[in-house]
Amino acid sequence: MQSNTKCDPTERMLAVLADQQRRRILQHLETSFDDRVSVSRLARAVAEMSTTTKTGDKVERAAIRLRHVHLPKLAEAGLVDYDPNSRSVRYRQCADAEAVLQIASDRFK
């Protein structure tokens with residue numbers, strides 16, 4: 001996969017990627033077969049990754065945090081395209097971010 005998207009400056013990108021949940025979100029989007037993913041589908045995937053929340057509210061809580069915290073930060077850093085109106089997300093390839101994700105994935109398996 002070739003990465004050619006202009007990314008945020010390194011310090012800001014690292015601050016965004018310091019959050020484990022955002023790294024998981026990007027890894028999920030990177031491996032998705034679809035160009036765009038709905039926030040509800042992404043919320044289900046995030047809820048499945050979570051081990052800290054009880055089953056009942058996991059998806060709803062994940063969707064709220066995605067819409068209000070994680071997706072706006074990832075979009076601001078240029079790592080995703082997030083459209084709050086259509087509630088869809090598209091991963092934007094970024095070589096620097098992918099390198100950080102690979103290192104984190106290898107290191108913390």
Side-chain angles (χ1 to χ4, degrees):
M1 214 180 272
Q2 188 175 10
S3 300
N4 55 15
T5 299
K6 175 103 171 100
C7 302
D8 214 11
T10 304
E11 291 296 318
R12 194 159 142 194
M13 182 195 57
L14 288 174
V16 169
L17 294 178
D19 184 89
Q20 181 183 35
Q21 192 69 49
R22 286 192 283 273
R23 291 192 308 272
R24 287 179 176 167
I25 291 165
L26 288 177
Q27 287 169 332
H28 177 79
L29 291 171
E30 182 181 25
T31 59
S32 175
F33 293 109
D34 299 320
D35 182 48
R36 290 199 167 274
V37 175
S38 70
V39 172
S40 59
R41 187 166 139 208
L42 184 57
R44 284 191 298 276
V46 167
E48 289 174 7
M49 293 182 239
S50 173
T51 57
T52 59
T53 310
K54 300 255 186 232
T55 305
D57 297 320
K58 278 182 10 174
V59 175
E60 185 177 337
R61 286 184 178 189
I64 290 168
R65 290 206 40 88
L66 283 168
R67 287 192 310 266
H68 296 287
V69 179
H70 300 303
L71 294 177
K73 287 185 180 198
L74 290 167
E76 186 177 313
L79 299 173
V80 299
D81 290 326
Y82 169 51
D83 182 358
N85 294 322
S86 69
R87 293 189 176 182
S88 65
V89 185
R90 184 176 70 85
Y91 176 65
R92 297 181 70 201
Q93 294 175 322
C94 172
D96 292 340
E98 289 174 5
V100 170
L101 291 172
Q102 184 63 49
I103 290 168
S105 176
D106 291 345
R107 175 108 175 147
F108 300 109
K109 281 187 178 179

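Just the heavy atoms: all of them, side chains too, but no hydrogens, waters or symmetry mates, feed the values below.
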* Which is it for V80 and I25 under the side-chain contact (heavy atoms from CB on, under 4.5 Å) test, yes or no, and what are the steps along the way? -> CA-CA 10 Å; V80 299; I25 291 165; 5.7 Å; no
* Nearest 0.5 Å please: distance from the CG atom of L29 over to the CZ atom of R36. => 11.0 Å
* Asked: Any side-chain heavy atom of V37 sitting closer than 4.5 Å to one from Y91?
  -> no
* **I64 reachable from V69 in the ILVMFWY side-chain graph, under 4.5 Å edges** => no
* **Closest non-hydrogen atom pair between A75 and Y82, with its separation** => CB-CB, 4.2 Å
* Is there side-chain contact between L66 and V89, with at least one heavy-atom pair below 4.5 Å? -> no
* Enter the distance from R24:CZ to E48:CD here, rounded to the nearest 0.5 Å. => 12.5 Å
* **Sequence-distant partners of R90, side-chain hydrogen bond (donor to acceptor under 3.5 Å, both in side chains), two or more places apart** => D81
* Quick one: pull up CG in L26 and CG in L74 and give me the separation to the nearest 0.5 Å. => 5.0 Å
* To do: Sort and list the pairs that fulfil side chain to side chain donor-acceptor pair (under 3.5 Å) and have at least one residue in residues 64-73, not counting sequence neighbours.
  => R22-H70
* Asked: What residues, two or more places apart in sequence or in another chain, satisfy side-chain contact (heavy atoms from CB on, under 4.5 Å) together with A45?
  -> H28, M49
* Asked: Looking at residues at least two apart in the chain, or sitting in another chain, which of them share a side-chain hydrogen bond (donor to acceptor under 3.5 Å, both in side chains) with R87?
  -> none
* Asked: Taking only residues two or more places apart in sequence, or in another chain, which ones meet R44 in a side-chain contact (heavy atoms from CB on, under 4.5 Å)?
  -> S40, R41, V59
* Heavy-atom closest pair, residues A43 and A62 -> O-CB, 3.6 Å
* Asked: In chain order, what residues pass the side-chain hydrogen bond (donor to acceptor under 3.5 Å, both in side chains) check against T31, with sequence neighbours excluded?
  -> none
* Asked: Are the side chain of D83 and the backbone N or O of N85 linked by a donor-acceptor pair below 3.5 Å?
  -> yes
